[in-house]
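One structure is given here, and the rest of the page talks about it.
Every chain is numbered from 1 and lettered A, B, ... according to where its sequence line falls, protein lines coming before strand lines. Everything numeric here is computed off the predicted structure, so don't read it as measured data.
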Protein chains: 2
Amino acid sequence: MARRRKLTNPLGLAVLAMLMGGPMHPYQIARLLKHRGKDDSIKIRYGSLYTVVQNLERQGFVEAEGTVRAGHRPERTVYRLTDDGRRELEDRIRELISEPVKEYPIFTSALSLVAVIHPDELAGLLAERLQVLEIEIAATTGVVDHAVAHRLPRLFLLETEHGLAMKRAEAEWVRGLMRELADGTFPDLKFWRAWHETGEFPGELADTDWAQADQAVLIQREAYHAPPPGRTDRPGEAEQPGQAEREVDETD
Amino acid sequence: MARRRKLTNPLGLAVLAMLMGGPMHPYQIARLLKHRGKDDSIKIRYGSLYTVVQNLERQGFVEAEGTVRAGHRPERTVYRLTDDGRRELEDRIRELISEPVKEYPIFTSALSLVAVIHPDELAGLLAERLQVLEIEIAATTGVVDHAVAHRLPRLFLLETEHGLAMKRAEAEWVRGLMRELADGTFPDLKFWRAWHETGEFPGELADTDWAQADQAVLIQREAYHAPPPGRTDRPGEAEQPGQAEREVDETD
DNA sequence: CTCCGTATACTCGTAACCGAATATACGTGA
DNA sequence: TCACGTATATTCGGTTACGAGTATACGGAG
(Lines give C-alpha, C1' and ligand atoms only; values in the text may rest on other atoms or scores of the structure.)
Protein backbone atom coordinates (compact mmCIF):
# COMPACT_ATOMS: atom_id res chain seq x y z
CA MET A 1 0.00 0.00 0.00
CA ALA A 2 1.19 3.46 -0.77
CA ARG A 3 2.66 5.44 2.05
CA ARG A 4 -0.31 6.97 3.73
CA ARG A 5 -0.38 10.49 4.96
CA LYS A 6 -3.06 12.18 6.89
CA LEU A 7 -5.89 13.34 4.61
CA THR A 8 -6.86 16.94 5.28
CA ASN A 9 -7.91 17.88 1.78
CA PRO A 10 -11.56 19.05 2.12
CA LEU A 11 -12.57 17.76 -1.30
CA GLY A 12 -11.07 14.38 -0.48
CA LEU A 13 -12.99 14.24 2.79
CA ALA A 14 -16.18 15.22 0.98
CA VAL A 15 -15.67 12.44 -1.57
CA LEU A 16 -15.33 9.93 1.25
CA ALA A 17 -18.48 11.25 2.93
CA MET A 18 -20.54 10.99 -0.26
CA LEU A 19 -19.37 7.41 -0.82
CA MET A 20 -20.83 6.45 2.54
CA GLY A 21 -24.14 6.42 0.72
CA GLY A 22 -22.88 3.88 -1.80
CA PRO A 23 -20.45 3.60 -4.71
CA MET A 24 -20.37 6.33 -7.35
CA HIS A 25 -18.23 7.59 -10.17
CA PRO A 26 -16.38 10.93 -9.70
CA TYR A 27 -18.65 13.15 -11.79
CA GLN A 28 -21.67 11.84 -9.89
CA ILE A 29 -19.99 12.52 -6.55
CA ALA A 30 -19.47 16.11 -7.64
CA ARG A 31 -23.03 16.37 -8.85
CA LEU A 32 -24.36 15.12 -5.49
CA LEU A 33 -22.12 17.52 -3.57
CA LYS A 34 -23.38 20.43 -5.61
CA HIS A 35 -26.96 19.29 -5.33
CA ARG A 36 -26.60 19.25 -1.55
CA GLY A 37 -25.13 22.72 -1.56
CA LYS A 38 -21.74 21.53 -0.32
CA ASP A 39 -20.01 23.60 -3.00
CA ASP A 40 -20.67 26.59 -0.78
CA SER A 41 -18.31 25.30 1.89
CA ILE A 42 -16.02 23.02 -0.11
CA LYS A 43 -14.26 24.09 -3.29
CA ILE A 44 -15.24 21.69 -6.04
CA ARG A 45 -13.26 21.82 -9.26
CA TYR A 46 -13.34 19.05 -11.90
CA GLY A 47 -9.65 19.66 -12.51
CA SER A 48 -8.86 18.62 -8.97
CA LEU A 49 -11.59 16.05 -8.47
CA TYR A 50 -10.06 13.25 -10.53
CA THR A 51 -6.59 13.74 -9.06
CA VAL A 52 -8.04 13.74 -5.56
CA VAL A 53 -10.00 10.55 -6.22
CA GLN A 54 -6.90 8.85 -7.60
CA ASN A 55 -4.95 9.90 -4.53
CA LEU A 56 -7.67 8.45 -2.30
CA GLU A 57 -7.40 5.19 -4.22
CA ARG A 58 -3.62 5.16 -3.97
CA GLN A 59 -3.91 5.74 -0.22
CA GLY A 60 -6.37 2.90 0.14
CA PHE A 61 -9.31 5.04 1.25
CA VAL A 62 -11.39 4.09 -1.78
CA GLU A 63 -11.20 1.30 -4.31
CA ALA A 64 -12.44 0.95 -7.85
CA GLU A 65 -15.22 -1.57 -8.22
CA GLY A 66 -15.55 -1.44 -11.96
CA THR A 67 -15.65 0.60 -15.10
CA VAL A 68 -18.73 1.14 -17.15
CA ARG A 69 -19.34 2.85 -20.41
CA ALA A 70 -22.37 4.15 -22.24
CA GLY A 71 -21.99 4.49 -25.98
CA HIS A 72 -18.83 6.28 -26.94
CA ARG A 73 -18.72 8.62 -23.99
CA PRO A 74 -15.63 8.56 -21.80
CA GLU A 75 -15.78 5.51 -19.62
CA ARG A 76 -16.20 6.05 -15.95
CA THR A 77 -14.86 4.28 -12.91
CA VAL A 78 -17.16 3.56 -10.00
CA TYR A 79 -15.51 3.78 -6.60
CA ARG A 80 -16.50 2.40 -3.22
CA LEU A 81 -15.42 3.50 0.23
CA THR A 82 -13.07 1.19 2.14
CA ASP A 83 -13.06 0.57 5.88
CA ASP A 84 -9.80 2.52 6.08
CA GLY A 85 -11.47 5.35 4.22
CA ARG A 86 -14.38 5.47 6.61
CA ARG A 87 -12.03 5.51 9.61
CA GLU A 88 -9.85 8.20 8.06
CA LEU A 89 -12.92 10.35 7.36
CA GLU A 90 -14.16 10.10 10.93
CA ASP A 91 -10.70 10.65 12.43
CA ARG A 92 -10.08 13.73 10.29
CA ILE A 93 -13.48 15.28 10.96
CA ARG A 94 -12.89 14.81 14.70
CA GLU A 95 -9.53 16.49 14.40
CA LEU A 96 -10.78 19.39 12.27
CA ILE A 97 -13.67 20.02 14.66
CA SER A 98 -11.61 19.90 17.85
CA GLU A 99 -8.43 21.68 16.74
CA PRO A 100 -8.44 25.09 15.06
CA VAL A 101 -6.20 25.23 11.99
CA LYS A 102 -4.14 28.30 11.23
CA GLU A 103 -5.43 30.02 8.11
CA TYR A 104 -4.71 33.30 6.33
CA PRO A 105 -7.94 34.96 5.18
CA ILE A 106 -7.26 37.37 2.38
CA PHE A 107 -9.10 40.25 4.10
CA THR A 108 -6.87 39.90 7.16
CA SER A 109 -3.81 39.99 4.92
CA ALA A 110 -5.13 43.13 3.22
CA LEU A 111 -5.77 44.79 6.59
CA SER A 112 -2.16 44.20 7.56
CA LEU A 113 -1.07 46.24 4.53
CA VAL A 114 -3.80 48.86 4.66
CA ALA A 115 -1.44 51.66 5.66
CA VAL A 116 -0.80 52.19 1.93
CA ILE A 117 -4.35 53.59 1.65
CA HIS A 118 -5.40 57.07 2.79
CA PRO A 119 -7.77 56.77 5.78
CA ASP A 120 -10.52 58.79 4.11
CA GLU A 121 -10.44 56.43 1.15
CA LEU A 122 -10.45 53.44 3.45
CA ALA A 123 -13.76 54.57 4.89
CA GLY A 124 -15.35 54.44 1.45
CA LEU A 125 -13.87 51.04 0.64
CA LEU A 126 -15.23 49.64 3.89
CA ALA A 127 -18.66 51.03 3.08
CA GLU A 128 -18.59 49.13 -0.21
CA ARG A 129 -17.55 45.97 1.54
CA LEU A 130 -20.32 46.39 4.11
CA GLN A 131 -22.91 46.68 1.35
CA VAL A 132 -21.82 43.41 -0.20
CA LEU A 133 -21.67 41.71 3.20
CA GLU A 134 -25.22 42.78 4.02
CA ILE A 135 -26.47 41.36 0.74
CA GLU A 136 -24.66 38.08 1.40
CA ILE A 137 -26.12 37.96 4.91
CA ALA A 138 -29.62 38.51 3.56
CA ALA A 139 -29.11 35.83 0.90
CA THR A 140 -27.79 33.30 3.40
CA THR A 141 -30.61 34.08 5.84
CA GLY A 142 -33.02 33.37 2.99
CA VAL A 143 -31.32 30.05 2.36
CA VAL A 144 -31.67 29.06 6.01
CA ASP A 145 -35.33 30.12 6.15
CA HIS A 146 -36.10 28.17 2.99
CA ALA A 147 -34.36 25.09 4.33
CA VAL A 148 -36.27 25.28 7.60
CA ALA A 149 -39.55 25.63 5.71
CA HIS A 150 -38.68 22.43 3.86
CA ARG A 151 -37.97 20.57 7.10
CA LEU A 152 -34.28 20.17 6.30
CA PRO A 153 -32.65 19.11 9.60
CA ARG A 154 -30.39 21.72 11.16
CA LEU A 155 -27.68 19.07 11.19
CA PHE A 156 -27.36 19.77 7.46
CA LEU A 157 -27.23 23.52 7.98
CA LEU A 158 -24.51 23.90 10.57
CA GLU A 159 -21.91 25.17 8.11
CA THR A 160 -24.36 27.71 6.71
CA GLU A 161 -25.31 28.95 10.18
CA HIS A 162 -21.65 29.17 11.16
CA GLY A 163 -20.85 31.09 7.99
CA LEU A 164 -23.71 33.43 8.72
CA ALA A 165 -22.43 34.08 12.25
CA MET A 166 -18.97 34.88 10.90
CA LYS A 167 -20.30 37.24 8.23
CA ARG A 168 -22.37 39.05 10.85
CA ALA A 169 -19.32 39.39 13.10
CA GLU A 170 -17.27 40.82 10.25
CA ALA A 171 -20.03 43.26 9.29
CA GLU A 172 -20.18 44.41 12.91
CA TRP A 173 -16.44 44.90 13.06
CA VAL A 174 -16.43 46.84 9.79
CA ARG A 175 -19.26 49.09 11.07
CA GLY A 176 -17.27 49.79 14.23
CA LEU A 177 -14.16 50.75 12.32
CA MET A 178 -16.17 52.94 9.93
CA ARG A 179 -17.76 54.70 12.89
CA GLU A 180 -14.37 55.45 14.43
CA LEU A 181 -13.01 56.73 11.14
CA ALA A 182 -16.09 58.91 10.61
CA ASP A 183 -16.27 60.51 14.05
CA GLY A 184 -12.52 60.89 14.40
CA THR A 185 -12.15 58.70 17.46
CA PHE A 186 -9.80 56.37 15.65
CA PRO A 187 -6.43 57.21 17.25
CA ASP A 188 -3.57 58.62 15.23
CA LEU A 189 -5.78 59.69 12.33
CA LYS A 190 -3.79 62.91 12.07
CA PHE A 191 -0.54 61.02 11.76
CA TRP A 192 -1.97 58.63 9.19
CA ARG A 193 -3.30 61.51 7.09
CA ALA A 194 -0.10 63.49 7.46
CA TRP A 195 1.95 60.48 6.49
CA HIS A 196 0.01 60.21 3.23
CA GLU A 197 -0.11 63.90 2.54
CA THR A 198 3.53 64.73 3.23
CA GLY A 199 5.05 61.34 2.49
CA GLU A 200 7.11 61.59 5.66
CA PHE A 201 6.92 59.38 8.69
CA PRO A 202 5.99 61.58 11.66
CA GLY A 203 8.98 62.58 13.77
CA GLU A 204 7.21 62.08 17.06
CA LEU A 205 6.75 58.41 16.31
CA ALA A 206 10.21 57.83 14.95
CA ASP A 207 11.72 57.66 18.42
CA THR A 208 9.36 55.06 19.84
CA ASP A 209 11.01 51.78 20.71
CA TRP A 210 9.16 49.84 18.06
CA ALA A 211 10.16 52.29 15.33
CA GLN A 212 13.77 52.05 16.42
CA ALA A 213 13.57 48.26 16.60
CA ASP A 214 12.23 48.42 13.04
CA GLN A 215 15.29 50.36 11.96
CA ALA A 216 17.53 47.90 13.74
CA VAL A 217 16.14 45.04 11.69
CA LEU A 218 16.86 46.97 8.50
CA ILE A 219 20.42 47.66 9.52
CA GLN A 220 22.00 44.28 9.98
CA ARG A 221 25.67 43.38 10.18
CA GLU A 222 27.23 46.14 8.10
CA ALA A 223 30.00 44.00 6.72
CA TYR A 224 27.44 42.06 4.80
CA HIS A 225 25.14 44.70 3.50
CA ALA A 226 24.69 46.95 0.60
CA PRO A 227 24.14 50.58 1.58
CA PRO A 228 21.14 50.93 3.91
CA PRO A 229 17.86 50.53 2.07
CA GLY A 230 15.80 53.60 1.46
CA ARG A 231 18.82 55.85 1.12
CA THR A 232 18.11 57.26 -2.27
CA ASP A 233 18.48 60.68 -3.76
CA ARG A 234 14.75 61.28 -3.48
CA PRO A 235 13.96 62.93 -0.15
CA GLY A 236 11.16 61.45 1.86
CA GLU A 237 11.13 58.14 0.03
CA ALA A 238 12.28 56.28 3.08
CA GLU A 239 9.58 55.58 5.67
CA GLN A 240 6.72 55.74 3.22
CA PRO A 241 3.26 54.53 4.22
CA GLY A 242 3.23 50.79 4.10
CA GLN A 243 6.10 50.26 6.40
CA ALA A 244 7.36 51.31 9.81
CA GLU A 245 5.21 48.68 11.42
CA ARG A 246 5.08 47.34 14.88
CA GLU A 247 7.80 45.13 16.24
CA VAL A 248 5.62 43.47 18.85
CA ASP A 249 6.18 39.72 18.84
CA GLU A 250 3.09 37.58 18.77
CA THR A 251 2.67 33.92 19.57
CA ASP A 252 1.59 31.87 16.60
CA MET B 1 7.16 43.32 -20.64
CA ALA B 2 5.65 40.03 -19.59
CA ARG B 3 1.90 39.72 -19.80
CA ARG B 4 0.65 41.15 -16.58
CA ARG B 5 -2.06 39.61 -14.55
CA LYS B 6 -3.70 40.96 -11.49
CA LEU B 7 -1.58 40.32 -8.39
CA THR B 8 -3.65 38.90 -5.56
CA ASN B 9 -0.98 36.78 -3.94
CA PRO B 10 -0.75 38.07 -0.34
CA LEU B 11 2.98 37.39 -0.07
CA GLY B 12 3.56 39.28 -3.29
CA LEU B 13 1.57 42.23 -2.00
CA ALA B 14 3.50 42.14 1.26
CA VAL B 15 6.80 42.17 -0.62
CA LEU B 16 5.69 45.27 -2.52
CA ALA B 17 4.61 46.98 0.71
CA MET B 18 7.95 46.31 2.40
CA LEU B 19 9.85 47.69 -0.60
CA MET B 20 8.05 50.99 -0.17
CA GLY B 21 10.53 51.60 2.62
CA GLY B 22 13.46 51.12 0.26
CA PRO B 23 15.26 48.41 -1.72
CA MET B 24 15.98 45.06 -0.04
CA HIS B 25 16.98 41.53 -0.88
CA PRO B 26 14.39 38.76 -0.45
CA TYR B 27 15.64 37.27 2.78
CA GLN B 28 15.66 40.73 4.35
CA ILE B 29 12.10 41.38 3.20
CA ALA B 30 11.02 38.18 4.94
CA ARG B 31 12.94 39.11 8.05
CA LEU B 32 11.27 42.53 8.19
CA LEU B 33 7.83 40.98 7.67
CA LYS B 34 8.39 38.55 10.51
CA HIS B 35 9.82 41.25 12.72
CA ARG B 36 6.67 43.28 12.20
CA GLY B 37 4.50 40.31 13.02
CA LYS B 38 3.07 40.12 9.51
CA ASP B 39 3.68 36.37 9.47
CA ASP B 40 0.59 36.09 11.61
CA SER B 41 -1.65 37.29 8.80
CA ILE B 42 0.41 36.46 5.72
CA LYS B 43 1.91 33.02 5.09
CA ILE B 44 5.64 33.45 4.66
CA ARG B 45 7.58 30.50 3.33
CA TYR B 46 11.12 30.75 1.95
CA GLY B 47 10.19 28.15 -0.65
CA SER B 48 7.62 30.51 -2.10
CA LEU B 49 9.32 33.81 -1.44
CA TYR B 50 11.94 33.64 -4.18
CA THR B 51 9.47 32.44 -6.79
CA VAL B 52 7.07 35.21 -5.84
CA VAL B 53 9.79 37.84 -6.06
CA GLN B 54 10.82 36.58 -9.47
CA ASN B 55 7.23 36.72 -10.65
CA LEU B 56 6.98 40.31 -9.40
CA GLU B 57 10.09 41.14 -11.41
CA ARG B 58 8.74 39.46 -14.52
CA GLN B 59 5.52 41.39 -14.14
CA GLY B 60 7.41 44.65 -13.80
CA PHE B 61 6.32 45.40 -10.24
CA VAL B 62 9.90 45.25 -8.92
CA GLU B 63 13.29 45.49 -10.58
CA ALA B 64 16.69 44.24 -9.55
CA GLU B 65 19.10 47.01 -8.76
CA GLY B 66 22.17 44.95 -8.20
CA THR B 67 23.73 41.89 -6.74
CA VAL B 68 26.05 41.91 -3.78
CA ARG B 69 28.05 39.27 -2.11
CA ALA B 70 29.83 38.93 1.23
CA GLY B 71 32.59 36.36 1.34
CA HIS B 72 31.53 33.05 -0.14
CA ARG B 73 27.94 33.20 0.95
CA PRO B 74 25.28 32.92 -1.71
CA GLU B 75 25.02 36.22 -3.49
CA ARG B 76 21.84 38.16 -3.05
CA THR B 77 19.89 40.38 -5.36
CA VAL B 78 18.56 43.68 -4.10
CA TYR B 79 15.20 44.70 -5.51
CA ARG B 80 13.45 48.05 -5.71
CA LEU B 81 9.79 48.84 -6.13
CA THR B 82 8.68 50.26 -9.48
CA ASP B 83 5.93 52.83 -10.08
CA ASP B 84 3.82 50.06 -11.59
CA GLY B 85 4.40 48.00 -8.49
CA ARG B 86 3.27 50.77 -6.21
CA ARG B 87 0.11 51.31 -8.25
CA GLU B 88 -0.63 47.59 -8.36
CA LEU B 89 -0.22 47.35 -4.58
CA GLU B 90 -2.61 50.21 -3.93
CA ASP B 91 -5.14 48.99 -6.49
CA ARG B 92 -5.13 45.45 -5.10
CA ILE B 93 -5.44 46.56 -1.47
CA ARG B 94 -8.41 48.74 -2.44
CA GLU B 95 -10.03 45.80 -4.17
CA LEU B 96 -9.37 43.34 -1.36
CA ILE B 97 -10.75 45.78 1.22
CA SER B 98 -13.89 46.68 -0.72
CA GLU B 99 -14.85 43.29 -2.19
CA PRO B 100 -15.21 40.15 -0.07
CA VAL B 101 -13.46 37.15 -1.63
CA LYS B 102 -15.03 33.71 -1.48
CA GLU B 103 -12.96 31.45 0.76
CA TYR B 104 -13.39 27.96 2.17
CA PRO B 105 -12.30 27.85 5.82
CA ILE B 106 -11.46 24.31 6.85
CA PHE B 107 -13.74 24.41 9.91
CA THR B 108 -16.71 25.29 7.73
CA SER B 109 -15.86 22.38 5.44
CA ALA B 110 -15.66 20.05 8.44
CA LEU B 111 -19.04 21.28 9.72
CA SER B 112 -20.61 20.41 6.40
CA LEU B 113 -19.50 16.79 6.88
CA VAL B 114 -20.11 16.56 10.62
CA ALA B 115 -23.02 14.16 10.27
CA VAL B 116 -20.46 11.33 10.28
CA ILE B 117 -19.85 12.06 13.99
CA HIS B 118 -22.22 11.01 16.80
CA PRO B 119 -23.77 14.13 18.38
CA ASP B 120 -22.62 13.23 21.88
CA GLU B 121 -19.06 12.98 20.62
CA LEU B 122 -19.42 16.25 18.73
CA ALA B 123 -20.15 18.04 22.01
CA GLY B 124 -16.80 16.91 23.41
CA LEU B 125 -14.89 17.88 20.29
CA LEU B 126 -16.42 21.35 20.36
CA ALA B 127 -15.43 21.69 24.01
CA GLU B 128 -11.84 20.97 23.05
CA ARG B 129 -11.98 23.50 20.27
CA LEU B 130 -13.44 26.11 22.58
CA GLN B 131 -10.57 25.61 25.02
CA VAL B 132 -7.99 26.25 22.34
CA LEU B 133 -9.94 29.24 21.02
CA GLU B 134 -10.09 30.82 24.45
CA ILE B 135 -6.33 30.45 24.84
CA GLU B 136 -5.77 32.02 21.45
CA ILE B 137 -8.12 34.87 22.33
CA ALA B 138 -6.24 35.51 25.58
CA ALA B 139 -2.90 35.42 23.77
CA THR B 140 -4.04 37.82 21.07
CA THR B 141 -5.57 40.16 23.65
CA GLY B 142 -2.18 40.17 25.38
CA VAL B 143 -0.49 41.06 22.10
CA VAL B 144 -2.87 43.99 21.59
CA ASP B 145 -2.41 45.23 25.15
CA HIS B 146 1.34 45.03 24.84
CA ALA B 147 1.29 46.88 21.55
CA VAL B 148 -0.88 49.64 23.00
CA ALA B 149 1.44 49.96 25.97
CA HIS B 150 4.29 50.50 23.53
CA ARG B 151 2.38 53.21 21.66
CA LEU B 152 2.13 51.16 18.50
CA PRO B 153 -0.51 52.91 16.38
CA ARG B 154 -3.76 51.02 15.97
CA LEU B 155 -3.25 51.36 12.23
CA PHE B 156 -0.70 48.59 12.61
CA LEU B 157 -3.03 46.45 14.66
CA LEU B 158 -6.14 46.32 12.52
CA GLU B 159 -5.57 42.80 11.29
CA THR B 160 -4.97 41.60 14.85
CA GLU B 161 -8.12 43.29 16.13
CA HIS B 162 -10.12 41.89 13.24
CA GLY B 163 -8.75 38.41 13.90
CA LEU B 164 -9.67 38.79 17.53
CA ALA B 165 -13.23 39.77 16.67
CA MET B 166 -13.58 36.74 14.40
CA LYS B 167 -12.20 34.33 17.01
CA ARG B 168 -14.63 35.74 19.59
CA ALA B 169 -17.52 35.31 17.20
CA GLU B 170 -16.56 31.72 16.52
CA ALA B 171 -16.16 30.99 20.22
CA GLU B 172 -19.62 32.45 20.80
CA TRP B 173 -21.13 30.32 18.05
CA VAL B 174 -19.43 27.18 19.37
CA ARG B 175 -20.76 27.91 22.89
CA GLY B 176 -24.26 28.29 21.50
CA LEU B 177 -24.14 25.00 19.66
CA MET B 178 -22.71 23.22 22.71
CA ARG B 179 -25.53 24.62 24.82
CA GLU B 180 -28.17 23.32 22.43
CA LEU B 181 -26.53 19.89 22.28
CA ALA B 182 -26.27 19.74 26.07
CA ASP B 183 -29.80 20.81 26.94
CA GLY B 184 -31.40 18.90 24.12
CA THR B 185 -32.89 21.92 22.37
CA PHE B 186 -30.99 21.15 19.20
CA PRO B 187 -33.71 19.85 16.87
CA ASP B 188 -33.63 16.34 15.48
CA LEU B 189 -31.16 15.09 18.10
CA LYS B 190 -33.15 11.88 18.37
CA PHE B 191 -32.96 11.27 14.65
CA TRP B 192 -29.22 12.03 14.56
CA ARG B 193 -28.56 9.61 17.44
CA ALA B 194 -30.81 6.98 15.99
CA TRP B 195 -29.16 7.30 12.60
CA HIS B 196 -25.78 6.54 14.20
CA GLU B 197 -27.03 3.85 16.49
CA THR B 198 -29.12 1.88 13.99
CA GLY B 199 -27.30 2.87 10.80
CA GLU B 200 -30.64 3.49 9.10
CA PHE B 201 -31.97 6.77 7.82
CA PRO B 202 -35.18 7.58 9.71
CA GLY B 203 -38.29 6.69 7.72
CA GLU B 204 -40.16 9.83 8.68
CA LEU B 205 -37.55 11.97 6.92
CA ALA B 206 -37.23 9.78 3.88
CA ASP B 207 -40.41 11.19 2.36
CA THR B 208 -39.51 14.87 2.68
CA ASP B 209 -39.08 16.65 -0.62
CA TRP B 210 -35.39 17.23 -0.10
CA ALA B 211 -34.74 13.57 0.67
CA GLN B 212 -36.60 12.57 -2.47
CA ALA B 213 -34.76 15.20 -4.52
CA ASP B 214 -31.57 13.68 -3.14
CA GLN B 215 -32.61 10.28 -4.44
CA ALA B 216 -33.48 11.78 -7.78
CA VAL B 217 -29.94 13.11 -8.18
CA LEU B 218 -28.55 9.66 -7.44
CA ILE B 219 -30.80 8.04 -10.02
CA GLN B 220 -29.93 9.67 -13.31
CA ARG B 221 -30.72 8.53 -16.84
CA GLU B 222 -30.87 4.77 -16.43
CA ALA B 223 -29.54 4.00 -19.87
CA TYR B 224 -26.25 5.44 -18.82
CA HIS B 225 -25.85 4.09 -15.37
CA ALA B 226 -24.50 1.18 -13.54
CA PRO B 227 -26.99 -0.25 -11.04
CA PRO B 228 -28.06 2.43 -8.57
CA PRO B 229 -25.36 3.19 -6.00
CA GLY B 230 -25.91 1.92 -2.52
CA ARG B 231 -27.83 -1.11 -3.69
CA THR B 232 -25.61 -3.71 -2.17
CA ASP B 233 -26.30 -6.97 -0.47
CA ARG B 234 -25.72 -5.40 2.93
CA PRO B 235 -28.98 -4.08 4.37
CA GLY B 236 -28.91 -0.57 5.71
CA GLU B 237 -25.74 0.46 3.97
CA ALA B 238 -27.56 2.96 1.82
CA GLU B 239 -28.42 6.22 3.58
CA GLN B 240 -25.62 6.06 6.11
CA PRO B 241 -24.74 9.10 8.20
CA GLY B 242 -22.70 11.46 6.09
CA GLN B 243 -25.17 11.70 3.30
CA ALA B 244 -28.84 12.38 2.70
CA GLU B 245 -28.21 16.09 2.80
CA ARG B 246 -30.30 19.04 1.92
CA GLU B 247 -31.08 19.90 -1.62
CA VAL B 248 -31.69 23.57 -0.99
CA ASP B 249 -29.98 25.68 -3.61
CA GLU B 250 -27.90 28.57 -2.36
CA THR B 251 -26.57 31.53 -4.22
CA ASP B 252 -22.78 31.59 -4.48
C1' DC C 1 -35.58 16.18 -39.50
C1' DT C 2 -31.76 19.08 -38.45
C1' DC C 3 -29.09 22.01 -35.78
C1' DC C 4 -27.35 23.92 -31.72
C1' DG C 5 -26.83 24.70 -26.92
C1' DT C 6 -26.15 22.26 -22.94
C1' DA C 7 -25.27 18.10 -20.24
C1' DT C 8 -22.31 14.33 -19.23
C1' DA C 9 -17.63 12.90 -18.22
C1' DC C 10 -12.75 13.09 -18.21
C1' DT C 11 -7.82 14.82 -19.04
C1' DC C 12 -3.65 17.67 -19.85
C1' DG C 13 -0.31 21.11 -19.45
C1' DT C 14 0.94 24.81 -16.68
C1' DA C 15 1.58 27.35 -12.58
C1' DA C 16 2.06 27.73 -7.75
C1' DC C 17 3.48 26.11 -3.29
C1' DC C 18 6.89 24.56 -0.16
C1' DG C 19 9.67 21.11 2.70
C1' DA C 20 14.03 20.13 2.95
C1' DA C 21 18.46 20.57 1.32
C1' DT C 22 22.62 23.25 0.37
C1' DA C 23 26.58 26.40 1.53
C1' DT C 24 28.92 30.00 4.08
C1' DA C 25 29.57 32.68 8.31
C1' DC C 26 29.14 34.08 13.10
C1' DG C 27 28.98 33.75 18.06
C1' DT C 28 29.34 31.38 22.24
C1' DG C 29 30.95 27.96 25.32
C1' DA C 30 34.40 24.78 26.71
C1' DT D 1 41.63 28.24 19.99
C1' DC D 2 38.36 25.01 18.48
C1' DA D 3 33.94 23.08 17.83
C1' DC D 4 29.25 23.31 17.33
C1' DG D 5 24.78 25.30 17.09
C1' DT D 6 22.51 28.80 14.86
C1' DA D 7 22.07 32.57 11.54
C1' DT D 8 22.18 34.11 6.87
C1' DA D 9 20.65 33.22 2.20
C1' DT D 10 19.16 30.61 -1.69
C1' DT D 11 17.51 26.64 -4.48
C1' DC D 12 15.50 22.23 -6.07
C1' DG D 13 12.47 18.55 -6.79
C1' DG D 14 8.07 16.89 -5.70
C1' DT D 15 3.27 17.64 -5.06
C1' DT D 16 -1.05 19.88 -5.63
C1' DA D 17 -4.43 22.76 -7.91
C1' DC D 18 -7.09 23.79 -11.82
C1' DG D 19 -8.45 26.39 -16.24
C1' DA D 20 -9.50 25.07 -20.33
C1' DG D 21 -9.78 21.69 -23.55
C1' DT D 22 -11.59 17.29 -25.41
C1' DA D 23 -15.33 14.00 -26.90
C1' DT D 24 -19.96 12.02 -26.92
C1' DA D 25 -24.94 12.43 -26.15
C1' DC D 26 -29.39 14.53 -25.32
C1' DG D 27 -33.23 17.66 -25.75
C1' DG D 28 -35.60 21.39 -27.58
C1' DA D 29 -36.56 24.76 -31.08
C1' DG D 30 -37.14 25.93 -35.75
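Protein atom OH of B:Tyr104 is 9 Å distant from nucleotide atom P of D:dC18, rounded to whole Å. Protein atom CZ of A:Arg31 is 18 Å distant from nucleotide atom P of C:dT6, rounded to whole Å. Residue A:Gln54 contributes atom CD, which lies 11 Å from atom P of C:dC10 at whole-angstrom precision. The distance between atom CZ of A:Arg58 and atom C1' of D:dT15, rounded to the nearest whole Å, is 9 Å.
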Reading 5' to 3' through nucleotides 17-22 of chain C, protein heavy-atom contacts under 4.0 Å coded B for base, S for sugar-phosphate only, - for none
SBB---

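Under the side-chain hydrogen bond (donor to acceptor under 3.5 Å, both in side chains) criterion, A:Glu63 pairs with no residue at all, not counting sequence neighbours. Residues satisfying the side-chain hydrogen bond (donor to acceptor under 3.5 Å, both in side chains) criterion with A:Glu90, sequence neighbours excluded, are A:Arg86. Applying the salt bridge (Lys or Arg N to Asp or Glu O under 4.0 Å) criterion to A:Glu65, with sequence neighbours excluded, gives A:Arg80. In this view, B:Arg87 and B:Asp84 satisfy the side-chain hydrogen bond (donor to acceptor under 3.5 Å, both in side chains) rule, not counting sequence neighbours. B:Tyr50 meets the ring pair (Phe, Tyr, Trp, His ring centres under 6.0 Å) test with no other residue; sequence neighbours excluded.
Of the side-chain N and O atoms in A:Tyr50, one or more sit less than 4.0 angstrom from OP1 or OP2 of C:dC10. Phosphate contact (OP1/OP2 of C:dT8, side-chain N/O of A:Tyr27, threshold under 4.0 Å): present.
Of the charged side-chain nitrogens involved, at least one lies within less than 4.0 Å of a carboxylate oxygen, so that A:Asp40 and B:Lys102 count as a salt-bridged pair.
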